Amino acid sequence: MARRKKSSLRRSPKKFSIISAVEAYAYANLLSSGIAGSSPMEFITGASDIKTVSVSGTTAMTVMGAESLTLSEMISHPTTAFEAMQSNFMNNYQSMAVQAIGIGVGFKLAKRLLRRPISNVNRNIMKPLGIGVKL
């Protein structure tokens, strides 16, 4: 007798996880602020981090981060950008390591503690909408 053809394993479509995206952005922010001295969006777009402070009619400009780099600066001047990134990394690697451990433990603990509410939101709100996103 001929063997029957096995049916292929069907999986549910892959869903985009908002919590995983926030965790990935936290790691990206940690790396870009520690090495490039700017947030990921500032690093990519090149927007400056200049804030205007107004005190009793006078304005003062303050620049945050001495060695702030952008992607366009890295492309146009790679040697100076590499030196700035190296000095930023040497100044910040210990705090970056502690923050990375904190981010990992914090997200793991939060996911564990909020497992049931997250499941409830996914099951009762996200799944009926059918938009391919989960919390």
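Bear in mind the structure is a predicted one, so any value in this text is a computation, not a measurement. All values below were derived from every heavy atom in this structure, side-chain atoms included, with hydrogens, water molecules and symmetry-related copies excluded. The chain is numbered in sequence order, starting from 1.
- Distance check, rounded to the nearest 0.5 Å: OG of Ser87 to CD1 of Ile35 gives 11.0 Å.
- Side-chain atoms of Ser33 never come within 3.5 Å of backbone atoms of Ser39 as a donor-acceptor pair (strictly under, hydrogens ignored).
- Using a 4.5 Å heavy-atom threshold, the side chains of Val105 and Lys108 count as separate.
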Can you list, pair by pair, the side-chain donor-acceptor contacts under 3.5 Å of residues 117-132, counting residues two or more places apart and other chains?
residue	atom	partner	partner atom	Å
Ser119	OG	Arg123	NH1	3.3
Asn120	OD1	Asn124	ND2	2.2
Asn122	OD1	Leu135	N	2.6
Asn122	ND2	Ile118	O	3.4
Asn124	ND2	Asn120	O	3.4

Inset, instruction - Go through the steps for Leu30 and Met96 under the test side-chain contact (heavy atoms from CB on, under 4.5 Å), then give the verdict. - result: CA-CA 7 Å; Leu30 171 70; Met96 287 171 53; 4.2 Å; yes
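- Closest heavy-atom contact between Ser32 and Ser38: OG-O, 2.9 Å.
- A donor-acceptor pair under 3.5 Å is formed between the side chain of Tyr27 and the backbone N or O of Gly104.
- A donor-acceptor pair under 3.5 Å is formed between the side chain of Asn92 and the backbone N or O of Asn88.
- Note: Leu31 CG to Phe89 CZ = 9.0 Å, rounded to the nearest 0.5 Å.
- Between Phe43 and Met74 there is a side-chain heavy-atom pair separated by less than 4.5 Å.
- Annotation: Tyr25, atom OH; neighbour count of heavy atoms from other residues, nucleotides and ligands within 6.0 Å is above 12.
- The salt bridge (Lys or Arg N to Asp or Glu O under 4.0 Å) analysis of residues 79-98, with sequence neighbours excluded, yields no pairs.
- Take Glu23 and apply the side-chain hydrogen bond (donor to acceptor under 3.5 Å, both in side chains) test, not counting sequence neighbours, and it matches Lys111.
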